[in-house]
Amino acid sequence: MASVPDKPALEGLENKWIARWEDDAVYRFDRSAPREQVYAIDTPPPTVSGSLHVGHVFSYTHTDVIARYQRMRGRAVFYPMGWDDNGLPTERRVQNFFGVRCDPSLPYDPSFAPPDAPPKTPIVVSRPNFVELCERLTVEDEKAFEHLWRYLGLSVDWGMTYATIGKPARRISQLAFLRLLAKGEAYQNEAPTLWDVDFRTAVAQAELEDREMPGAYHRIRFPIRRAGTHLEIETTRPELLPACVALVAHPDDERYKPFFEHIIETPLFKVPVYLKAHPLADPTKGTGVAMVCTFGDVTDVTWWRELQLQPVRAILQPNGALKPVTWGAPGWPSDDVTSAQQRYDQLVGLSAVKARAKIVELLRETGDLLGDPRPITHNVKFFEKGDRPLEIITSRQWFIRTIAHRPGLLARGAALQWVPAHMRARYENWVNGLNGDWCISRQRFFGVPFPVWYRVYDDGVVDYNDRLLPDESQLPIDPSTDVPAGFRADQRDQPGGFSGDPDVMDTWATSSLSPFIVCGWETDQALWTQTFPMHLRPQAHDIIRTWLFSTVLRSHLECDSLPWANAAISGWVLDPDRKKMSKSKGNVVTPMGLLEQHGSDAVRYWAAKGGPGVDTAFDAGQMQVGRRLAIKLLNASKFVLGKTGPAGPVTHPIDRGMLTKLAALVKDCSASLDEYDYTAALRDTEAFFWWFCDDHIEHVKRRRAGDGPDAASATASCLTALSTMLRLFAPFVPFVTEEIWAWWQTGSVHRAAWPTEAEVLDALGAPDAAGLGAVARASDVTALIRRERSLRKVPFGVAVQSLRLPAAAQPEWPAISADVLAGNNATQASVTFADEFAIEFAPAQAPPSSPVPQPQAPS
RNA sequence: GGGCGGUUAGCUCAGUGGUAGAGCACCGGCUUUACACGCCGGCUGUCACAGGUUCGAGCCCUGUACCGCCCACCA
């Protein structure tokens, strides 16, 4: 038996065992394991340019508990880690850090090196150079993240990491895209698209969020031609008046029925438009007549499509400013071209907000604005990372089909095991609410480019229908730098030459392939067969509509399969005010500080108390409890292992009862963990452990200190219990359990076999029901004695003289009397049985003196 | 407007139709040879509200209120 320290402590355990685990490759994935023994986890790649917060610690701990459990169950745990360095946060960080800006039209410069300090004027670099800078910068982030994860005790195989902008991920993103293109599941289309004017890119439905914004209803007069009357509409976006292509009212609205298909004239610009009928128009909103503009919101798109309102009169440019328009030109009719032009020219170049103020001024001048704008607050759609409301701009974009696959996607969601089960509804809700295919192209430069070139006609026009695709073996490529087969570099963007697709993929188009990336899709067939479909996707509930949905979609389209069998959805960490912890609220605690303050095991303990999918309050008090548990484990283990006597057959009823109780615990915990109910497993293990310390040890410690068969029974059963409890605790508090394990066992506890009911019962032959009754009775009687001792304030040193125990205790008494009496300083007591409990203590040696008041220092 | 959770002790939360629970906090006591980073004990309830089912409801059903989240609408 290795040495048990005199003063066991938690300090330094993290660094000690991190190093040892790495040296011993404790968490290395076994490539030779057959698929049936593999447990594969699709770990979320954290965004490296962000910072890890306590919510990450929380949810990644949950996953690690499962990973450690499965490993102890004998599974080869496939537990890689990714870094998400693809996307806007990293793009901005690279720009600021190095003082560069990307221009994809530039050729790659292999000799480029950034200056030591970012220059005032950004250096323009090619996309491959920009990606290189990203990789250089994120290496440092990744090191810090990895250190934190190791310190937290994540049992990741650190030999398997990937980056979402890394070459393998780019290759797989492009390969998967080309496969979808070949199948017709990816397509390109020119259509009205949700657009962020600051980032100047299309965004997807999944990236929207509503924000409450101040606005105002503007009541505007529209004359009806040759009717001598007018319609009134209310709009929050009067600046779109020049883009008006129709008015619309509900078909049953009696107020407007007479005027359907009449020609209305827009104010200021004198554009003839029709009043149309459409059921989506709500008679109760505003005046019941809405202005259809190209495009103010998604309803406008619907009306434009369904009412076939040609043409598009787009006035917003990609940067959000109003573009120049020649009134009187095709598509821009006006009954008064001169004044329309004169008025519109005052708007050109203005942002939507400024144009609104200007147009209100103009409407006031002509008297077409009725009354003052009426302030309201309303929800406006934003890109979740954006600062200004989304616009809708017609542009050429890549899409992946989703709507056509809705039934199949719902079936996948139904087949997936959700933890907790009710999270399935969020997925179904989202799939049922999809209103368009998934737009995956972004007009950014940093990301995975589309591996596509287009032929350029001899007249210099790019033919987007004549695509030039690379061979799969060439991937990844960058069409802004690489040249399609059969062309020369100097034919780029030349008549008769080629042009590269300028766009990059949405980050989710890569993240959705995380199982493909880690499992070696089209790269490592043996690994792919061994690990895909995976077993577990852990993630937070806010990205069900993005990461989870898109991963299911890609796997459905590419593999006709679910990507994993289980989805474990974690909750959020809330601050004590029940608000989600976030950086903007300034209530984030740095994870490393937490781990150092409380110890990793203690923080993990708190995290494991938060059930799957349950938003959980940040609670340093629970971490203190976890720390006390770890210390208690050290001390109790020291006591159990400190016994010098020999172990022998487990014959004593109390020992047999304890092990029977433990065997039931093992069975329950295993069942709980199989169902991802790690919270219940921890709670039950903890309850047993405290009972073991407080009651069982107190009962057996004197017997164990003697010799003979009863002492040997106590020693043997305590050792079994310790071994079992350490293994039950190991997934939750890996450091302290490993430390104790090393005192007396060989190998890592994290590679030890998960305990089984049969193993614990081995020393007994069978569950011992009488023993179970004995330990329960022993605890009951001890509780009675302790209660009286405490109420009467009798110190433990004062012996019990006589005991009258409940008659119900009589049958078990012979089995437990020695242990119970010894554990309560009552070995000399006379014991009788009657209906009521009674106790007498030995007379006090000295009469208690009344306490003398001590002079108090002024406080 | 639709959907999903939640509401149990001062706090954080378990609770599987059968006596209302744990930890923390608080109060009182105890140096008991593993642990004072400890131990023992005590106090603490309109289980959100209303109705229903049942011999029996915190749990099942219906409705309501409030909190949180998701989605839709947002002229």
Side-chain angles (χ1 to χ4, degrees), chain A residues 4 6-10 205 208 210 212-213 215 217-220 233-238 240 247-249 280-282 284-293 296-300 303 376-381 420 422-430 432-435 541-542 544-545 571-572 574 576 578-580 606 609-611 613-622 624-625 627-643 679-680 683 686-687 690 693-694 697-698 701 705 782-783 785-798 823-825:
Chain A
V4 179
D6 286 341
K7 280 275 178 190
L10 299 176
Q205 187 187 354
L208 305 185
D210 284 349
E212 201 154 85
M213 297 290 289
Y217 280 131
H218 301 75
R219 200 176 187 94
I220 302 176
I233 66 107
E234 284 196 327
T235 178
T236 55
R237 300 207 58 186
L240 294 179
L247 299 185
V248 66
L280 225 51
D282 183 347
T284 66
K285 280 186 183 158
T287 62
V289 187
M291 176 171 85
V292 183
C293 304
D297 60 33
V298 289
T299 316
D300 281 347
W303 280 325
I376 54 157
T377 55
H378 60 160
N379 285 328
V380 181
K381 282 198 195 309
H422 66 81
M423 289 296 178
R424 184 196 319 275
R426 298 202 180 202
Y427 173 86
E428 291 175 348
N429 205 349
W430 174 252
N432 283 319
L434 286 171
N435 57 26
H541 54 63
D542 53 337
I544 289 174
R545 66 175 179 167
W572 280 335
L574 307 176
R578 312 301 300 168
K579 296 283 193 290
K580 184 190 176 186
W606 158 76
K609 286 275 186 177
V614 180
D615 292 345
T616 300
F618 178 82
D619 188 352
Q622 282 301 307
Q624 291 293 344
V625 174
R627 186 175 176 81
R628 281 204 281 273
L629 171 67
I631 292 167
K632 191 77 170 177
L633 273 167
L634 288 174
N635 286 313
S637 302
K638 176 186 156 193
F639 175 75
V640 168
L641 297 174
K643 162 68 175 168
T679 308
R683 182 192 63 221
E686 196 187 1
W690 287 104
C693 290
D694 295 343
I697 285 182
E698 290 306 320
K701 71 200 303 185
T782 288
I785 299 170
R786 285 173 174 170
R787 183 163 182 273
E788 287 304 313
R789 192 185 280 283
S790 189
L791 288 175
R792 295 199 215 166
K793 303 185 179 175
V794 179
F796 188 85
V798 176
N824 288 287
N825 191 10

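To find a chain, count down the sequence lines: A is the first, B the second, and so on, and within it residues start at 1.
- The interatomic distance linking A:Gln624 (CD) with B:G38 (P) rounds to 10 Å, in whole Å.
- Atom P of B:G51 sits at a distance of 26 Å from the matching atom of B:G2, rounded to the whole Å.
- In this structure, A:Glu698 places its CD atom 12 Å from P of B:U32, rounding to the nearest Å.
- Among the heavy atoms of the strands lying under 4.0 Å from A:Ala636 is at least one base atom, whether or not backbone atoms are also near.
- When heavy atoms are screened at a 4.0 angstrom cut-off, A:Thr287 is found touching no nucleic acid atom at all.
- Closest approach to the A:Arg426 side chain among B:C35, B:C73, B:C70 is made by B:C70 (side chain taken as heavy atoms from C-beta onward).
- Taking atom C1' on both B:G1 and B:C26, the two are 47 Å apart, rounded to the nearest angstrom.
- Judged by distance alone with a 3.5 Å cut-off, a donor-acceptor contact links the side chain of A:Asp210 to the base of B:C73.
- Comparing A:Asp282 and A:Leu10 along RNA chain B, the residue whose closest nucleotide (by nearest heavy atom) sits nearer the 5' end is A:Leu10.
- Comparing A:Ile233 and A:His422 by the nucleotide of RNA chain B whose heavy atom lies nearest to each, the residue mapping closer to the 5' end is A:His422.
- Comparing B:A25 with B:C13, their C1' atoms are spaced 14 Å from each other, to the whole Å.
- Relative orientation of the A:Trp606 and A:Phe618 rings is perpendicular, given thresholds of 30° and 60° on the angle between their planes.
- Residue contacts for A:Leu280: at a heavy-atom cut-off of 4.0 Å it reaches a base atom on one of the strands shown.
- Between A:Asp297 atom CG and A:Leu240 atom CG the span is 9.5 Å, to the nearest 0.5 Å.
- Using a 4.0 Å heavy-atom cutoff across all strands shown, A:Asp297 reaches sugar-phosphate atoms only and no base atom.
- A:Val289 comes within contact range of at least one nucleobase, with a heavy-atom separation under 4.0 Å.
- Within 4.0 Å (heavy atoms only), A:Ala687 reaches no atom of the nucleic acid at all.
- For the pair A:Arg545 (side chain) and A:Tyr427 (backbone), a donor-acceptor distance under 3.5 Å is absent.
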Requested in this report: Decide yes or no on salt bridge (charged side-chain N to carboxylate O under 4.0 Å, His left out) for A:Lys609 and A:Glu686, but give the supporting numbers first.
Outcome: CA-CA 11 Å; A:Lys609 286 275 186 177; A:Glu686 196 187 1; 3.1 Å; yes

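- Protein atom NZ of A:Lys609 is 12 Å distant from nucleotide atom P of B:G15, rounded to whole Å.
- Nucleotide B:C69: paired with B:G3 (Watson-Crick or G-U wobble, both distances less than 3.5 Å).
- Residues A:Trp430 and A:Ile544 fail the side-chain proximity criterion, which asks for heavy atoms closer than 4.5 Å.
- Atom NZ of A:Lys638 sits about 6.5 Å away from atom NZ of A:Lys7, to the nearest 0.5 Å.
- Contact check for A:Tyr217 versus A:Thr235: no side-chain heavy atoms found under the 4.5 Å cut-off.
- Across B:C4 and B:A9, the matching P atoms stand 26 Å from one another, rounded to whole Å.
- Taking CG from A:Asp300 and CG from A:Leu280, the interatomic distance works out to 10.5 Å, rounded to the nearest 0.5 Å.
- How far NZ of A:Lys632 is from SG of A:Cys693: 5.0 Å, rounded to the nearest 0.5 Å.
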Could you list all N or O pairs between the protein and nucleotides 7-11 of chain B that sit under 3.5 Å apart?
none

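- A close approach under 4.0 Å does not occur between any side-chain nitrogen or oxygen of A:Arg545 and OP1 or OP2 of B:C70.
- B:G58 and B:C27 have their C1' atoms separated by 29 Å, with the value rounded to a whole Å.
- Remark: P of B:C37 and NZ of A:Lys7 are 9 Å apart, rounded to the nearest angstrom.
- The two residues A:Pro238 and A:Ile220 have their closest heavy-atom pair at CB-CD1, 4.1 Å.
- Neither OP1 nor OP2 of B:C71 sits under 4.0 Å from any side-chain N or O of A:Gln205.
- The structure places NZ of A:Lys285 at 14.5 Å from CD1 of A:Ile233, a figure rounded to the nearest 0.5 Å.
- A donor-acceptor contact shorter than 3.5 Å is absent between the side chain of A:Arg219 and the backbone of A:Thr287.
- Within the 4.0 angstrom heavy-atom criterion, base atoms lie near A:Lys381.
- When the C1' atom is used for both B:C37 and B:C47, the distance is 35 Å, rounded to whole Å.
- Taken from CE in A:Met213 to OG1 in A:Thr236, the straight-line distance is 11.5 Å, to the nearest 0.5 Å.
- Using a 4.0 Å heavy-atom distance criterion, A:Ile697 is classed as a base contact.
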Query raised in the report: What does nucleotides 23-30 of chain B look like as a protein-contact string, B for base, S for sugar-phosphate only, - for none, at under 4.0 angstrom between heavy atoms?
Result: SS---BSS

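- If you measure from atom CG of A:Asn379 to atom P of B:C74, you get 11 Å, rounded to the nearest angstrom.
- Atom-to-atom, CH2 of A:Trp430 to C1' of B:C69 comes out at 15 Å; the value is rounded to the nearest Å.
- Side chain of A:Trp690, nearest nucleotide from B:C69, B:C74, B:C39: B:C39.
- Side chain of A:Ser790 to main chain of A:Arg786: no donor-acceptor pair is present (N/O by atom type, distance under 3.5 Å, no hydrogens or angles).
- Rounded to whole angstrom, the span from the CH2 atom of A:Trp572 across to the C1' atom of B:C67 amounts to 15 Å.
- In this entry B:C47 has no Watson-Crick or G-U wobble partner, no candidate having both defining distances under 3.5 Å.
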Pairwise N/O distances under 3.5 Å, protein to nucleotides 20-22 of chain B:
none

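- B:C60 and B:G52 make up a base pair, with Watson-Crick or G-U wobble contacts both under 3.5 Å.
- Atom C1' of B:C67 sits at a distance of 24 Å from the matching atom of B:C24, rounded to the whole Å.
- Contacts of A:Glu788 with the nucleic acid, taken as non-hydrogen atoms under 4.0 Å apart, are absent.
- Using Watson-Crick or G-U wobble geometry with both donor-acceptor distances under 3.5 Å, B:C39 finds its partner in B:G29.
- At a threshold of 4.0 angstrom between heavy atoms, the contacts of A:Asp694 are confined to the sugar-phosphate backbone, with no base atom among them.
- Searching all strands for a Watson-Crick or G-U wobble partner of B:G21 with both distances below 3.5 Å returns B:C13.
- A:Ile376 has its CD1 atom 13 Å from the C1' atom of B:C73, to the nearest Å.
- Across the P atoms, B:A20 and B:G45 are found 13 Å apart, a figure rounded to whole Å.
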